[in-house]
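Everything on this sheet refers to the single structure shown next.
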Amino acid sequence: MAGAGGWVHPYGSRRAVVVVVGGGVAGALVANSLQDLADVILIDPKEYLEIPWTNMISKVEPSVAEKSLINHNDYLGGTRVITASSADVRGEAVITAEGRLVEYTYLVIATGHTNQCPRNRRDRLEQFQEDNMKIKYSRSILIIGGESSGVELATEIAVNYPDKKVTLVHDRPRLLESIGHKAGGKALRWLRSKNVEVHLEQSVDLESMSEGDRLFRTSSGIEITADCYFSCLDGPLSSSWIRDSELKDCLDSDGRLMVDANLRVKGQSNIFAAGDITDAPELNQGYFVQRHAMVVSKNIKLLMEGAKDSKLLKYKPSSTVPMVSLGKTDAVVQLSFAMVVGYLPAMWKSRDLYVNRTRTLLGLAR
(Lines give C-alpha, C1' and ligand atoms only; values in the text may rest on other atoms or scores of the structure.)
Protein backbone atom coordinates (compact mmCIF):
# COMPACT_ATOMS: atom_id res chain seq x y z
CA MET A 1 0.00 0.00 0.00
CA ALA A 2 1.18 3.51 -0.75
CA GLY A 3 2.81 5.46 2.01
CA ALA A 4 0.37 8.34 2.19
CA GLY A 5 1.01 11.07 4.71
CA GLY A 6 -1.51 9.67 7.20
CA TRP A 7 -0.36 6.06 6.92
CA VAL A 8 1.03 4.38 10.02
CA HIS A 9 3.27 1.40 9.27
CA PRO A 10 6.71 0.38 10.58
CA TYR A 11 8.38 0.42 7.16
CA GLY A 12 11.53 -1.63 6.96
CA SER A 13 10.43 -4.01 9.70
CA ARG A 14 10.11 -7.68 8.83
CA ARG A 15 8.04 -8.43 11.91
CA ALA A 16 4.29 -8.91 11.91
CA VAL A 17 2.22 -5.83 12.70
CA VAL A 18 -0.41 -6.35 15.43
CA VAL A 19 -2.96 -3.57 15.79
CA VAL A 20 -4.96 -3.62 19.03
CA VAL A 21 -8.10 -1.48 19.09
CA GLY A 22 -9.17 -0.70 22.64
CA GLY A 23 -6.98 -0.01 25.64
CA GLY A 24 -8.99 -1.69 28.38
CA VAL A 25 -7.68 -4.66 30.34
CA ALA A 26 -8.00 -7.15 27.46
CA GLY A 27 -6.36 -4.88 24.88
CA ALA A 28 -3.62 -3.81 27.29
CA LEU A 29 -2.69 -7.40 28.16
CA VAL A 30 -2.60 -8.47 24.50
CA ALA A 31 -0.43 -5.50 23.50
CA ASN A 32 1.91 -6.04 26.44
CA SER A 33 2.24 -9.76 25.72
CA LEU A 34 3.11 -9.31 22.04
CA GLN A 35 5.25 -6.18 22.06
CA ASP A 36 8.56 -8.06 22.09
CA LEU A 37 7.52 -10.37 19.25
CA ALA A 38 5.79 -8.04 16.81
CA ASP A 39 5.40 -4.38 15.91
CA VAL A 40 2.38 -3.57 18.10
CA ILE A 41 0.21 -0.49 17.68
CA LEU A 42 -2.45 0.29 20.31
CA ILE A 43 -5.35 2.54 19.29
CA ASP A 44 -7.36 3.97 22.19
CA PRO A 45 -9.19 7.28 22.75
CA LYS A 46 -7.52 7.53 26.19
CA GLU A 47 -3.86 7.81 27.10
CA TYR A 48 -4.28 5.35 29.97
CA LEU A 49 -5.68 1.99 31.03
CA GLU A 50 -8.44 2.06 33.64
CA ILE A 51 -9.09 -1.17 35.52
CA PRO A 52 -12.88 -0.87 35.31
CA TRP A 53 -13.95 -2.94 38.29
CA THR A 54 -12.29 -0.42 40.63
CA ASN A 55 -14.42 2.44 39.34
CA MET A 56 -17.00 2.48 42.14
CA ILE A 57 -14.62 2.16 45.06
CA SER A 58 -12.40 4.88 43.52
CA LYS A 59 -15.26 7.34 44.00
CA VAL A 60 -15.26 6.59 47.74
CA GLU A 61 -11.50 6.01 48.08
CA PRO A 62 -9.73 8.00 45.33
CA SER A 63 -6.34 6.59 46.40
CA VAL A 64 -7.35 3.31 44.71
CA ALA A 65 -7.30 5.07 41.34
CA GLU A 66 -3.61 5.95 41.75
CA LYS A 67 -2.83 2.28 41.09
CA SER A 68 -5.75 1.35 38.84
CA LEU A 69 -5.21 4.15 36.30
CA ILE A 70 -2.06 3.33 34.32
CA ASN A 71 -0.62 5.35 31.45
CA HIS A 72 -0.28 3.13 28.38
CA ASN A 73 3.34 4.15 27.94
CA ASP A 74 4.18 2.83 31.43
CA TYR A 75 3.69 -0.79 30.34
CA LEU A 76 4.18 -0.53 26.57
CA GLY A 77 7.81 0.37 26.15
CA GLY A 78 8.10 -0.87 22.58
CA THR A 79 4.59 -0.12 21.36
CA ARG A 80 3.27 2.85 19.44
CA VAL A 81 0.15 4.31 21.04
CA ILE A 82 -2.29 6.26 18.88
CA THR A 83 -4.72 8.27 20.99
CA ALA A 84 -7.81 8.26 18.80
CA SER A 85 -11.14 6.57 18.24
CA SER A 86 -11.48 3.97 15.51
CA ALA A 87 -13.96 4.62 12.72
CA ASP A 88 -13.63 1.81 10.17
CA VAL A 89 -11.92 -1.44 9.19
CA ARG A 90 -11.13 -1.72 5.50
CA GLY A 91 -8.64 -3.65 3.41
CA GLU A 92 -6.31 -4.88 6.17
CA ALA A 93 -6.26 -1.46 7.84
CA VAL A 94 -8.00 0.36 10.67
CA ILE A 95 -9.07 3.92 9.97
CA THR A 96 -9.22 6.31 12.92
CA ALA A 97 -11.79 9.06 13.40
CA GLU A 98 -9.19 11.56 12.15
CA GLY A 99 -8.73 9.61 8.92
CA ARG A 100 -5.44 7.99 9.87
CA LEU A 101 -4.88 4.56 8.30
CA VAL A 102 -3.18 1.89 10.37
CA GLU A 103 -2.16 -1.24 8.50
CA TYR A 104 -2.07 -4.61 10.24
CA THR A 105 -1.01 -8.21 9.83
CA TYR A 106 -3.19 -9.20 12.78
CA LEU A 107 -6.01 -7.18 14.31
CA VAL A 108 -7.38 -7.48 17.86
CA ILE A 109 -10.65 -5.71 18.70
CA ALA A 110 -11.13 -5.17 22.43
CA THR A 111 -13.26 -2.03 22.62
CA GLY A 112 -15.65 -3.13 25.38
CA HIS A 113 -18.30 -0.60 26.38
CA THR A 114 -18.49 3.08 25.54
CA ASN A 115 -17.67 5.32 28.50
CA GLN A 116 -17.20 9.06 28.50
CA CYS A 117 -13.81 9.45 30.17
CA PRO A 118 -11.18 12.20 29.96
CA ARG A 119 -8.31 11.78 27.53
CA ASN A 120 -5.54 11.89 30.12
CA ARG A 121 -4.92 10.23 33.45
CA ARG A 122 -4.59 13.46 35.46
CA ASP A 123 -8.08 14.61 34.51
CA ARG A 124 -9.53 11.20 35.34
CA LEU A 125 -7.93 11.30 38.78
CA GLU A 126 -9.47 14.73 39.30
CA GLN A 127 -12.88 13.30 38.39
CA PHE A 128 -12.58 10.72 41.15
CA GLN A 129 -11.55 13.43 43.60
CA GLU A 130 -14.57 15.49 42.60
CA ASP A 131 -16.89 12.49 42.98
CA ASN A 132 -15.40 11.87 46.42
CA MET A 133 -16.06 15.48 47.44
CA LYS A 134 -19.67 15.16 46.25
CA ILE A 135 -20.10 12.08 48.42
CA LYS A 136 -18.37 13.59 51.46
CA TYR A 137 -20.34 16.83 51.46
CA SER A 138 -23.76 15.48 50.48
CA ARG A 139 -26.25 14.42 53.12
CA SER A 140 -28.37 12.46 50.63
CA ILE A 141 -27.22 10.55 47.54
CA LEU A 142 -29.22 8.98 44.71
CA ILE A 143 -27.80 6.01 42.78
CA ILE A 144 -29.43 5.06 39.49
CA GLY A 145 -28.88 1.46 38.40
CA GLY A 146 -29.02 -1.76 40.41
CA GLU A 147 -26.63 -4.08 38.64
CA SER A 148 -23.19 -4.79 40.10
CA SER A 149 -21.74 -1.26 39.79
CA GLY A 150 -24.75 0.45 41.37
CA VAL A 151 -24.98 -2.10 44.17
CA GLU A 152 -21.25 -1.85 44.90
CA LEU A 153 -21.32 1.96 45.00
CA ALA A 154 -24.33 1.92 47.34
CA THR A 155 -22.59 -0.53 49.67
CA GLU A 156 -19.32 1.42 49.69
CA ILE A 157 -21.13 4.63 50.64
CA ALA A 158 -23.34 2.89 53.22
CA VAL A 159 -20.32 1.30 54.92
CA ASN A 160 -17.98 4.29 54.81
CA TYR A 161 -20.63 6.99 55.46
CA PRO A 162 -23.40 5.33 57.51
CA ASP A 163 -24.92 8.72 58.40
CA LYS A 164 -25.79 9.55 54.79
CA LYS A 165 -29.17 8.90 53.22
CA VAL A 166 -28.61 6.61 50.23
CA THR A 167 -31.37 5.80 47.73
CA LEU A 168 -31.02 3.34 44.87
CA VAL A 169 -33.41 3.26 41.91
CA HIS A 170 -33.43 0.28 39.53
CA ASP A 171 -35.67 -0.28 36.52
CA ARG A 172 -35.86 -4.05 36.87
CA PRO A 173 -37.92 -6.24 39.25
CA ARG A 174 -34.82 -7.23 41.21
CA LEU A 175 -31.23 -6.19 41.80
CA LEU A 176 -28.33 -7.96 40.09
CA GLU A 177 -30.67 -9.45 37.51
CA SER A 178 -27.78 -10.44 35.26
CA ILE A 179 -26.44 -12.67 38.06
CA GLY A 180 -29.55 -14.31 39.45
CA HIS A 181 -32.64 -13.72 41.57
CA LYS A 182 -31.09 -15.23 44.71
CA ALA A 183 -28.13 -12.87 44.51
CA GLY A 184 -30.49 -9.94 43.99
CA GLY A 185 -32.57 -10.90 47.01
CA LYS A 186 -29.52 -11.25 49.25
CA ALA A 187 -28.12 -7.90 48.08
CA LEU A 188 -31.49 -6.21 48.64
CA ARG A 189 -31.72 -7.48 52.21
CA TRP A 190 -28.12 -6.46 52.89
CA LEU A 191 -28.69 -2.93 51.56
CA ARG A 192 -31.88 -2.45 53.53
CA SER A 193 -30.08 -3.65 56.67
CA LYS A 194 -27.76 -0.67 56.12
CA ASN A 195 -30.74 1.70 55.73
CA VAL A 196 -30.36 2.07 51.97
CA GLU A 197 -33.73 2.88 50.41
CA VAL A 198 -34.30 0.77 47.28
CA HIS A 199 -36.99 1.40 44.61
CA LEU A 200 -37.39 -1.38 42.03
CA GLU A 201 -39.10 -1.17 38.63
CA GLN A 202 -38.51 2.57 38.64
CA SER A 203 -36.47 4.86 36.41
CA VAL A 204 -35.38 8.49 36.54
CA ASP A 205 -35.34 10.71 33.45
CA LEU A 206 -32.08 12.57 33.92
CA GLU A 207 -32.43 14.44 30.62
CA SER A 208 -35.33 16.39 32.06
CA MET A 209 -33.26 17.55 35.03
CA SER A 210 -31.44 20.85 35.28
CA GLU A 211 -28.05 21.35 36.88
CA GLY A 212 -28.45 21.87 40.59
CA ASP A 213 -31.84 20.15 40.83
CA ARG A 214 -32.26 18.24 44.08
CA LEU A 215 -35.74 16.84 43.55
CA PHE A 216 -35.89 13.72 41.40
CA ARG A 217 -39.12 12.07 40.25
CA THR A 218 -39.29 8.39 39.32
CA SER A 219 -41.34 6.92 36.48
CA SER A 220 -44.20 6.15 38.89
CA GLY A 221 -44.14 9.60 40.48
CA ILE A 222 -42.11 8.88 43.62
CA GLU A 223 -40.24 12.04 44.66
CA ILE A 224 -36.69 11.65 45.94
CA THR A 225 -34.64 14.49 47.37
CA ALA A 226 -30.89 14.10 46.95
CA ASP A 227 -27.93 16.46 47.11
CA CYS A 228 -26.18 14.55 44.31
CA TYR A 229 -26.66 11.52 42.10
CA PHE A 230 -24.56 8.90 40.32
CA SER A 231 -25.70 7.08 37.20
CA CYS A 232 -24.42 3.50 37.29
CA LEU A 233 -26.02 2.34 34.06
CA ASP A 234 -23.85 0.41 31.62
CA GLY A 235 -22.82 2.31 28.53
CA PRO A 236 -23.54 0.78 25.12
CA LEU A 237 -21.11 -1.65 23.53
CA SER A 238 -18.42 0.17 21.61
CA SER A 239 -19.22 -1.47 18.27
CA SER A 240 -21.11 1.26 16.39
CA TRP A 241 -17.92 2.03 14.42
CA ILE A 242 -17.98 -1.56 13.08
CA ARG A 243 -21.55 -1.42 11.76
CA ASP A 244 -20.60 0.20 8.45
CA SER A 245 -17.24 -1.55 8.12
CA GLU A 246 -16.24 -4.73 6.31
CA LEU A 247 -16.91 -6.56 9.59
CA LYS A 248 -20.56 -5.49 9.87
CA ASP A 249 -21.83 -9.01 9.18
CA CYS A 250 -19.72 -10.32 12.08
CA LEU A 251 -21.87 -8.51 14.66
CA ASP A 252 -24.77 -10.24 16.36
CA SER A 253 -28.11 -8.56 17.09
CA ASP A 254 -26.72 -7.17 20.39
CA GLY A 255 -23.73 -5.55 18.71
CA ARG A 256 -21.19 -8.14 19.87
CA LEU A 257 -18.58 -9.65 17.61
CA MET A 258 -19.24 -13.30 16.93
CA VAL A 259 -16.12 -15.35 17.65
CA ASP A 260 -15.10 -18.95 17.09
CA ALA A 261 -13.49 -21.32 19.57
CA ASN A 262 -10.10 -19.62 19.04
CA LEU A 263 -11.57 -16.14 19.73
CA ARG A 264 -11.13 -15.25 16.08
CA VAL A 265 -13.89 -13.14 14.59
CA LYS A 266 -16.07 -15.56 12.64
CA GLY A 267 -15.06 -15.85 9.01
CA GLN A 268 -11.76 -14.02 9.57
CA SER A 269 -8.33 -15.63 9.62
CA ASN A 270 -6.30 -12.79 11.16
CA ILE A 271 -8.80 -10.81 13.25
CA PHE A 272 -9.43 -11.62 16.92
CA ALA A 273 -11.68 -10.15 19.60
CA ALA A 274 -11.44 -10.13 23.39
CA GLY A 275 -13.42 -8.89 26.37
CA ASP A 276 -16.96 -7.55 26.53
CA ILE A 277 -17.17 -7.04 22.76
CA THR A 278 -17.26 -10.81 22.13
CA ASP A 279 -20.32 -13.01 22.14
CA ALA A 280 -18.64 -15.55 24.45
CA PRO A 281 -21.48 -16.88 26.66
CA GLU A 282 -20.25 -15.76 30.06
CA LEU A 283 -20.29 -12.78 32.39
CA ASN A 284 -17.36 -10.56 31.49
CA GLN A 285 -15.72 -10.20 34.88
CA GLY A 286 -12.05 -9.34 35.22
CA TYR A 287 -10.71 -12.86 35.49
CA PHE A 288 -12.42 -13.97 32.27
CA VAL A 289 -11.19 -10.91 30.36
CA GLN A 290 -7.64 -11.82 31.37
CA ARG A 291 -8.17 -15.36 30.05
CA HIS A 292 -9.43 -13.94 26.74
CA ALA A 293 -6.23 -11.92 26.42
CA MET A 294 -4.06 -14.95 27.16
CA VAL A 295 -5.76 -17.10 24.49
CA VAL A 296 -5.68 -14.34 21.84
CA SER A 297 -2.00 -13.56 22.51
CA LYS A 298 -0.99 -17.21 22.40
CA ASN A 299 -2.89 -17.85 19.17
CA ILE A 300 -1.32 -14.88 17.42
CA LYS A 301 2.10 -16.11 18.53
CA LEU A 302 1.30 -19.55 17.11
CA LEU A 303 0.17 -18.08 13.80
CA MET A 304 3.32 -15.97 13.56
CA GLU A 305 5.30 -19.19 14.04
CA GLY A 306 3.43 -20.81 11.16
CA ALA A 307 1.15 -23.07 13.19
CA LYS A 308 -1.89 -24.61 11.53
CA ASP A 309 -5.37 -23.71 12.69
CA SER A 310 -5.72 -27.12 14.33
CA LYS A 311 -2.91 -26.19 16.75
CA LEU A 312 -4.54 -23.00 18.01
CA LEU A 313 -5.78 -22.78 21.59
CA LYS A 314 -9.50 -23.15 22.10
CA TYR A 315 -11.24 -20.87 24.57
CA LYS A 316 -13.66 -22.63 26.87
CA PRO A 317 -16.19 -20.21 28.36
CA SER A 318 -16.05 -20.42 32.14
CA SER A 319 -18.90 -21.59 34.27
CA THR A 320 -19.41 -18.24 35.89
CA VAL A 321 -18.88 -17.58 39.58
CA PRO A 322 -20.13 -13.98 39.72
CA MET A 323 -19.16 -12.00 42.81
CA VAL A 324 -20.32 -8.59 43.93
CA SER A 325 -18.67 -6.75 46.81
CA LEU A 326 -20.84 -5.59 49.68
CA GLY A 327 -18.42 -3.24 51.37
CA LYS A 328 -14.98 -4.27 52.60
CA THR A 329 -15.87 -7.41 54.54
CA ASP A 330 -18.87 -8.87 52.70
CA ALA A 331 -19.64 -10.12 49.22
CA VAL A 332 -22.30 -12.16 47.47
CA VAL A 333 -21.22 -15.04 45.24
CA GLN A 334 -23.34 -17.27 43.01
CA LEU A 335 -22.09 -20.86 43.09
CA SER A 336 -23.57 -23.67 41.02
CA PHE A 337 -25.12 -25.21 44.13
CA ALA A 338 -25.75 -22.28 46.47
CA MET A 339 -25.69 -18.54 47.07
CA VAL A 340 -23.17 -17.41 49.67
CA VAL A 341 -23.00 -14.03 51.41
CA GLY A 342 -20.52 -12.80 53.98
CA TYR A 343 -16.85 -12.69 54.87
CA LEU A 344 -15.81 -15.89 53.07
CA PRO A 345 -16.77 -14.77 49.54
CA ALA A 346 -15.26 -11.38 50.32
CA MET A 347 -11.98 -13.22 50.87
CA TRP A 348 -12.42 -15.03 47.54
CA LYS A 349 -12.82 -11.69 45.82
CA SER A 350 -9.37 -10.16 46.12
CA ARG A 351 -9.07 -7.45 48.76
CA ASP A 352 -7.44 -5.17 46.17
CA LEU A 353 -9.98 -6.11 43.44
CA TYR A 354 -7.23 -7.87 41.45
CA VAL A 355 -5.38 -4.59 40.85
CA ASN A 356 -2.05 -6.03 41.94
CA ARG A 357 -2.57 -9.12 39.79
CA THR A 358 -3.33 -7.00 36.74
CA ARG A 359 -0.32 -4.76 37.35
CA THR A 360 1.89 -7.85 37.71
CA LEU A 361 0.62 -9.25 34.41
CA LEU A 362 1.61 -5.94 32.80
CA GLY A 363 5.11 -6.13 34.29
CA LEU A 364 4.51 -3.27 36.74
CA ALA A 365 5.26 -2.98 40.44
CA ARG A 366 2.39 -3.97 42.72
Side-chain angles (χ1 to χ4, degrees), residues 8 10 13 15-55 57-58 62-84 102 104-112 117-122 124-125 128 263 272-278 284-305 312-313 315 318 349-366:
V8 175
S13 172
R15 302 201 301 178
V17 180
V18 179
V19 172
V20 180
V21 179
V25 173
L29 289 172
V30 170
N32 179 263
S33 176
L34 296 175
Q35 64 180 334
D36 293 332
L37 304 172
D39 292 315
V40 178
I41 300 170
L42 176 69
I43 304 175
D44 189 53
K46 311 185 309 303
E47 297 173 357
Y48 57 94
L49 158 68
E50 177 170 345
I51 300 175
W53 50 86
T54 66
N55 184 289
I57 192 171
S58 293
S63 60
V64 172
E66 292 287 349
K67 293 181 69 175
S68 64
L69 299 180
I70 306 166
N71 282 320
H72 290 315
N73 288 328
D74 288 348
Y75 64 91
L76 294 176
T79 295
R80 179 177 299 188
V81 178
I82 298 175
T83 307
V102 190
Y104 62 81
T105 313
Y106 300 98
L107 172 62
V108 180
I109 300 175
T111 45
C117 292
R119 179 186 176 97
N120 64 66
R121 180 177 182 271
R122 182 190 65 249
R124 185 61 169 146
L125 286 170
F128 283 125
L263 293 183
F272 292 79
D276 294 358
I277 198 70
T278 74
N284 285 302
Q285 295 198 333
Y287 169 68
F288 306 134
V289 170
Q290 292 171 359
R291 290 182 61 236
H292 285 200
M294 183 274 289
V295 171
V296 168
S297 300
K298 180 62 176 177
N299 283 339
I300 291 176
K301 290 176 186 177
L302 288 169
L303 289 173
M304 287 192 297
E305 294 167 357
L312 298 183
L313 291 184
Y315 180 76
S318 299
K349 184 162 186 176
S350 170
R351 292 291 184 84
D352 72 342
L353 300 178
Y354 303 110
V355 172
N356 284 339
R357 172 180 167 80
T358 304
R359 291 180 64 90
T360 298
L361 290 172
L362 292 170
L364 299 172
R366 295 165 69 93

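Throughout, numbering of the chain's residues begins at 1 and tracks the sequence.
Put simply, the side chain of Val108 reaches to within 4.5 Å of the side chain of Ile300, judged on heavy atoms. Looking at Val40 and Leu76, their side chains never come closer than 4.5 Å, going by heavy atoms from C-beta outward. Val81 is not listed as a side-chain neighbour of Glu47, based on a closest heavy-atom distance of 4.5 Å or more. You'll find the side chain of Tyr48 reaches within 4.5 Å of the side chain of Pro118, heavy atoms only.
Partner of Glu50 under the salt bridge (Lys or Arg N to Asp or Glu O under 4.0 Å) criterion, out of Arg121, Lys67, Arg124: Arg124 alone. Applying the side chain to side chain contact (heavy atoms under 4.5 Å, CB included) test between His72 and each of Thr83, Thr79, Leu42 identifies Leu42 as the sole match.
Between the Thr360 side chain and the Asn356 main chain, a donor and an acceptor come within less than 3.5 Å of each other. Side-chain atoms of Ser68 come within 3.5 Å of backbone atoms of Val64 as a donor-acceptor pair (strictly under, hydrogens ignored). Side-chain atoms of Asn120 come within 3.5 Å of backbone N or O of Arg122 as a donor-acceptor pair.
Nearest heavy atoms, Val19 versus Tyr104: CG2-CB, 3.5 Å. Pro62 approaches Phe128 most closely through the heavy-atom pair CG-O, 4.0 Å.
Asp74 contributes atom CG, which lies 8.0 Å from atom CZ of Arg359 (distance to the nearest 0.5 angstrom).
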